[in-house]
Amino acid sequence: MNAMSANESPKIDTSRPHPARLWNYWIGGKDHYAIDQQVGDQVAKVFPSVRDVARHSRLALGRMVRHLAAEEGVRQFLDVGTGLPTRDSVHEVAQRVAPESRVVYVDNDPLVLAHARALLVGRPEGRTDHVECDVRDPDRLLAEAARTLDLTRPVGLIMFGIMGNVVDDDEAYAIVRRLVGALAPGSFLALNDGTGVLDAKGRKAAVRRAVEGGSTPYAVRTPEQIAAFFTGLELLEPGVVSTSRWRPEAAPSGPPAVDAACGLGRKP
Ligand SMILES: C[S@@+](CC[C@H](N)C(=O)[O-])C[C@H]1O[C@@H](n2cnc3c(N)ncnc32)[C@H](O)[C@@H]1O
């Protein structure tokens, strides 16, 4: 099953899996190639909870954006590592609360950008923009974002499932520091990444399988290392927790924990 035409863009390499397309496969989307499905299945075999991790990450992303728009009055969002369009994208959630919300989507995968330009358009009262940029180039990323967002006013910086792709810890922390440093006081960082707490062996095997299959390396950080991205920020309750447990909407005790951790922090 392959919903995509192999000659969509000369820049798209269909012989290797890509993080955005693997993610799309695990959340049940249709925007991936045979190689993504093949490697995605191999990963799910050794780390069966990968689909729950992906599904709960999308749900937590929605809860955080809704909180920022409805409770904190945030009207500008910078979504870095957008992924392929799916239900409840950032502009849909934000513009449901405040139609004038502006959203800049950033990703380094040309396929994501091609789909995002077609589908992540938003309401006329607001604005959306799509930027092809690597997060390792935060200065260009900020310059591009500033075409749509007023960086002198608060921004919700969304970094869901992206920083594991920057495997060097020092570089990863420096990138987030640079991005948050450029934002106005009252801005927020929403960050989520995979952990290896519940199934360390499975997670390790999953990363190995993905890399052997041709995907890019992924740094699995501990919840404490993920919490360190929020240094200097005021973490909102309940802090950095398993992604399914961040203010769950279901039963008060929440769904079972998943092997990912997220948090939402405010820049003082
Ligand atoms: C795991 S997906 C997460 C998608 C979405 N944020 C979510 O949580 O559902 C990671 C996304 O980050 C993008 N990505 C990976 N490395 C990147 C980099 N160095 N610069 C920009 N985007 C990157 C991938 O293309 C992919 O779309």
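Nothing fancy with the numbering, it's 1 onward along the sequence. Just follow the structure's listing: the first ligand is 1, and inside any ligand the first atom is 1. A quick note: this is a predicted structure, and the numbers were derived from the prediction, not measured.
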Tell me, please, whether Phe229 has Arg177 positioned over its six-membered ring: NZ or CZ under 6.0 Å from the ring centre and within 45 degrees of its axis? no
Which one holds for [X] and ligand 1: side chain close, backbone close, both close, or neither close, with close meaning a heavy atom under 4.0 Å?
{"X": "Ser57", "answer": "neither"}
{"X": "Thr82", "answer": "backbone"}
{"X": "Phe160", "answer": "both"}
{"X": "Val135", "answer": "both"}
{"X": "Cys133", "answer": "backbone"}

Which heavy atom of the protein is the closest neighbour of atom 24 (C) of ligand 1, given with residue, atom name and distance? Asp107 OD1, 3.4 Å
Distance filter under 4.0 Å to [X] heavy atoms, resulting ligand 1 atoms:
{"X": "Asp109", "answer": "25 (O)"}
{"X": "Arg136", "answer": "19 (N)"}
{"X": "Asp134", "answer": "18 (C), 19 (N), 20 (N)"}

Which of these, Gly81, Gly164, Cys262, has its nearest heavy atom closest to atom 11 (C) of ligand 1? Gly81
Check for a donor-acceptor pair, side chain of Arg75 on one end and backbone N or O of Ala69 on the other, with a separation under 3.5 Å. yes
If we only consider heavy atoms of Leu61, is any one of them less than 4.0 Å away from an atom in ligand 1? no
So, does Met159 sit close enough to ligand 1 that a heavy atom of it is under 4.0 Å from the ligand? no
Starting at CG of Asp134, measure out to CZ of Arg140 and round the result to the nearest 0.5 Å. 8.5 Å
Keeping to residues at least two apart or across chains, list the salt bridge (charged side-chain N to carboxylate O under 4.0 Å, His left out) pairs with something in residues 197-216. none
Within-cut-off N or O pair, Leu84 and ligand 1, under 3.5 Å: no
Return a yes/no value for Gly83: is any of its N or O atoms, backbone included, closer than 3.5 angstrom to an N or O of ligand 1? yes
Among His32, His18, Lys30, which residue satisfies the side-chain hydrogen bond (donor to acceptor under 3.5 Å, both in side chains) criterion with Asn24? His32
